[in-house]
Amino acid sequence: MLDIKLIRDNPESVKNKLILRNEDTSVIDKILEADGKRLNLISVSETLKELRNSVSDEIAVMKKNKQDSSDKIAEMKKVSEEIKTYDEKLRKVDSEIDLLLKYVPNLPHDSVPHGKSEKDNKEILIWGKLKSFDFKVRDHIELGKALDILDFERGTKISGSGFPLYKGKGAKLERALINFMLDEQSKNGYKEVMTPVLVNRASMEAAEKVPKFEEDMYHMEKDDLFAIPTAEVPILNIHRDEILKQDELPLRYCGFTNCFRREAGSYGKDTKGFLRVHQFNKVELINFCKPEDSYSELEKMLEDATGILKKLNIYFRVIELCTADIGFAASKCYDIEVWSHAENKWLEASSVSNCTDFQTRRAMVRYKKILDNRKTKTELVHALNGSGLATSRLMVALMEAYQTKEGNISVPEALRSYTGFDVI
RNA sequence: GGAGAGGUGGCAGAGUGGUUGAAUGCGGCAGUCUCGAAAACUGUUGUAGCGGUAACGCUAUCGAGGGUUCGAAUCCCUCCUUCUCCGCCA
């Protein structure tokens with residue numbers, strides 16, 4: 001969430017940045033109005049509490065001296081009741097502000113290209129060579145079926161559409177990819193973690209996924225637990241409510257998890273095979289760093305994510321998202337897209353975002369900043385996340401790009417020590 | 001799932017209704033001493049909100065949320081969580 005003080009002190013600049021995101025700015029006026037009420041209520045309530053506290057001390061002294069204090073007690077009884085009504089109002093306005101704030105996205109960074117829609121995203125890099133085939137290209141579904149490595153029908157039988165079943169060398173290839181990516185990212189300085197995949201509401205709120213995106217989540221009502229849409233959620237929450245040391249930053253984590261998305265509202269879109277699934281595998285990168293380092297860390301994470309594709313020799317491009325298309329929690333965001341030779345289009349395989357202090361404010365992840373005069377100040381850290389990478393779309397690009405005339409798939413060089421075979 | 005015992009400041013650990021933001025110890029920071037260090041001694045040391053240029057003041061905070069009371073770390077209720085024992089189980 002945004003800093004209420006930032007909104008209070010610079011409402012116009014906040015609004016202007018929201019306009020760049022095509023957001024309605026009237027919410028800011030509502031927040032400001034409620035905030036004004038809130039400050040007023042705090043001041044009244046606290047003045048009354050001050051009175052109550054001091055008179056209560058007087059009563060204590062009088063009781064000790066065996067003096068009669070019934071007048072003061074009667075008076076304070078009224079004051080206490082008054083405090084109660086003010087605090088009730090305060091609680092109401094607090095939750096009103098909180099709710100409004102939960103739907104206001106992060107502000108875009110000045111370097112983010114302005115735009116009205118995803119059409120205004122900027123392609124900043126294309127890497128590799130587009131392969132040409134002297135035979136009819138098969139798509140990943142056809143290949144998967146013919147080689148008996150992917151079984152979407154049986155996946156559907158087990159769970160429903162969008163829950164893929166990997167078999168034989170397909171399962172091994174998937175596992176090889178995951179292990180390869182984890183090893184690479186460990187080399188890049190990320191500490192590997194294995195996290196819970198069901199998380200509580202507080203963790204979802206801290207990651208700013210709920211309430212805004214609650215409909216996109218699998219939710220276990222009985223226990224109020226959510227299936228994670230990305231490992232970003234549990235990894236970000238590792239340090240919830242903690243104060244980190246300055247010299248341990250940046251803290252970089254990588255972790256593999258299954259990811260679950262209901263994809264509500266996108267039925268009928270990209271329904272083929274792996275293109276849009278409810279369960280997929282992903283190695284996630286998370287970075288906690290000092291605020292002044294977050295944009296350079298973002299570039300490093302982009303390097304680390306694309307490094308995987310380079311080693312696998314997969315044709316990809318990097319898109320810098322425009323102000324209208326960056327994610328809710330992000331201030332700046334790159335998408336990495338891989339090429340599908342069968343679909344003849346780019347598929348998003350990764351998104352690398354700087355979420356600045358937007359998530360860490362709610363998650364309360366801070367660090368002790370050491371100032372010049374040796375004093376310390378607790379300050380929010382910045383949090384970044386990136387997929388490094390998601391396997392399902394990567395699998396599409398890989399299978400299609402590495403297919404042979406005979407209908408086999410050759411395993412990329414870098415993966416062979418992981419798979420133990422060269423061809424499927 | 002059943003029975004019992006706990007959750008207090010960075011940590012350890014007092015405190016069962018009235019100057020207790022919280023004794024004491026350890027740790028951290030600053031200083032004295034020292035060529036320097038250790039030891040010793042002295043001081044200081046949570047977080048957040050509101051007001052103030054600031055010094056500072058006020059408010060909240062003893063797992064979380066409610067309640068009782070003029071006043072709650074202390075009493076009551078609900079929830080979370082940790083430990084021990086029993087049961088069940090990958």
Side-chain angles (χ1 to χ4, degrees), chain A residues 1-9 31-101 194 196-206 210 220-226 234 237-249 251 258 357 359-381:
Chain A
M1 68 177 163
L2 291 182
D3 186 359
I4 182 75
K5 283 186 207 153
L6 180 75
I7 297 173
R8 191 185 295 156
D9 298 338
I31 289 171
L32 285 171
E33 195 195 326
D35 183 53
K37 267 193 230 165
R38 178 174 171 271
L39 293 186
N40 187 38
L41 286 167
I42 285 174
S43 134
V44 174
S45 160
E46 288 192 352
T47 308
L48 289 172
K49 279 176 188 166
E50 190 179 347
L51 175 70
R52 182 186 66 186
N53 288 348
S54 63
V55 175
S56 286
D57 286 346
E58 286 171 30
I59 292 170
V61 173
M62 289 172 83
K63 288 232 171 183
K64 207 178 231 172
N65 297 335
K66 304 237 156 74
Q67 288 170 287
D68 177 42
S69 55
S70 50
D71 287 358
K72 290 197 174 194
I73 289 176
E75 195 190 331
M76 285 310 105
K77 198 179 177 100
K78 275 187 206 151
V79 170
S80 263
E81 267 157 31
E82 243 183 295
I83 289 172
K84 212 173 263 182
T85 65
Y86 278 110
D87 278 353
E88 228 159 87
K89 284 183 199 167
L90 185 60
R91 221 174 311 172
K92 224 178 121 189
V93 78
D94 262 338
S95 62
E96 191 185 320
I97 292 171
D98 193 53
L99 187 65
L100 290 169
L101 229 34
M194 194 171 272
V197 292
L198 298 183
V199 302
N200 58 32
R201 186 170 287 275
S203 291
M204 276 299 201
E205 284 180 349
V210 154
M220 272 129 278
E221 204 175 331
K222 203 167 181 180
D223 301 292
D224 199 20
L225 290 171
F226 294 86
N237 277 280
I238 289 175
H239 294 297
R240 168 147 57 92
D241 296 322
E242 289 184 15
I243 297 176
L244 306 169
K245 294 192 185 91
Q246 179 171 303
D247 58 17
E248 64 184 335
L249 299 175
L251 267 173
N258 301 120
D357 56 9
Q359 294 170 314
T360 53
R361 179 166 296 108
R362 197 170 285 284
M364 291 285 272
V365 187
R366 294 164 294 170
Y367 80 108
K368 276 238 188 288
K369 184 188 177 114
I370 299 164
L371 303 171
D372 291 340
N373 57 7
R374 280 182 176 164
K375 286 192 173 162
T376 58
K377 189 187 164 200
T378 36
E379 195 172 71
L380 294 168
V381 302

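Each chain gets a letter, A, B and so on, in the order the sequences are listed, and its residues count up from 1.
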Next item on the list: With the side chain counted from C-beta on, respond yes when A/Q246 and A/K369 share a heavy-atom pair under 4.5 Å apart, and no when they do not.
Entry: yes
Check: OG1/A/T378 to CE/A/M364 distance, rounded to the nearest 0.5 angstrom?
Finding: 8.5 Å
Margin query: With heavy-atom distances below 4.5 Å as the criterion, would you say the side chains of A/K78 and A/E82 are in contact?
Written below: no
Check: B/G71 C1' sits how many Å from A/M76 CE, rounded?
Finding: 11 Å
Notebook entry, point to check: Do any of residues 82-99 of chain A sit with a heavy atom less than 4.0 Å from RNA chain B, and if so which?
Noted result: A/K84, A/R91
Note to self: What does the B/S/- profile of nucleotides 46-62 of chain B look like, 5' to 3', with a 4.0 Å heavy-atom cutoff to protein?
What the structure shows: SSSBS-------BBS--
Note to self: Can you measure A/R240 atom CZ to B/G63 atom P for me and round it to whole angstrom units?
What the structure shows: 18 Å
Margin query: From CG of A/D57 over to C1' of B/A72, roughly how many Å is that when rounded to an integer?
Written below: 13 Å
Next item on the list: Quote, to the nearest angstrom, the P distance that separates B/G43 from B/A23.
Entry: 15 Å
Notebook entry, point to check: Roughly how far apart, to the nearest Å, are B/G46 and B/G27 at atom C1'?
Noted result: 14 Å
Margin query: Nearest 0.5 Å, please: how far is OG in A/S54 from NZ in A/K49?
Written below: 14.5 Å
Note to self: For a stem of at least 3 consecutive Watson-Crick or G-U pairs with distances under 3.5 Å, i pairing with j, i+1 with j-1 and so on, which stems involve RNA chain B?
What the structure shows: B:1-7 with B:80-86, B:10-12 with B:24-26, B:27-32 with B:40-45, B:46-51 with B:56-61, B:63-67 with B:75-79
Note to self: Using OP1 and OP2 only, check whether a side-chain N or O of A/S70 sits under 4.0 Å from B/C70.
What the structure shows: no
Check: Is there side-chain contact between A/K92 and A/E96, with at least one heavy-atom pair below 4.5 Å?
Finding: no
Margin query: When the C1' atoms of B/A73 and B/C86 are compared, how many Å lie between them, rounded to an integer?
Written below: 34 Å
Check: Do the charged groups of A/E379 and A/R366 touch, with an N to O distance under 4.0 Å?
Finding: no
Next item on the list: For A/K72, report the nucleic acid contact type (base, sugar-phosphate, nothing); a contact means any heavy atom under 4.0 Å.
Entry: nothing
Next item on the list: Find the distance A/D224:CG to B/C79:P and express it as a whole number of Å.
Entry: 15 Å
Margin query: When the P atoms of B/U74 and B/G15 are compared, how many Å lie between them, rounded to an integer?
Written below: 15 Å
Next item on the list: Check whether any side-chain heavy atom of A/V199 sits under 4.5 Å from a side-chain heavy atom of A/N237, and report yes or no.
Entry: no
Next item on the list: Rounded to the nearest 0.5 Å, what's the gap from CG on A/D35 to NZ on A/K5? Could you check?
Entry: 11.0 Å
Notebook entry, point to check: Between B/A30 and B/C79, how far is it from one P atom to the other, in whole Å?
Noted result: 48 Å
Next item on the list: Take atom P in B/G25 and the same atom in B/U32, then report the distance between them in whole Å.
Entry: 23 Å
Next item on the list: Name the residue closer to the 5' end of RNA chain B, choosing between A/I59 and A/K63 according to the nucleotide with the nearest heavy atom.
Entry: A/K63
Next item on the list: Taking atom types as modelled, find out whether A/S203 and A/N200 have a side-chain donor-acceptor pair closer than 3.5 angstrom.
Entry: yes
Next item on the list: Can you tell me, in whole Å, how much space there is between the C1' of B/C85 and that of B/A14?
Entry: 29 Å
Check: Roughly how far apart are A/S45 OG and A/D87 CG, rounded to 0.5 Å?
Finding: 4.0 Å
Next item on the list: Taking the side chain as every heavy atom from C-beta outward, state whether A/M76 and A/L51 have any atom pair closer than 4.5 Å.
Entry: yes
Checklist line | P-based separation of B/C76 from B/U24 [nearest Å] | finding: 29 Å
Item checked: Ionic contact status for A/D357 with A/R361, cut-off 4.0 Å -> yes
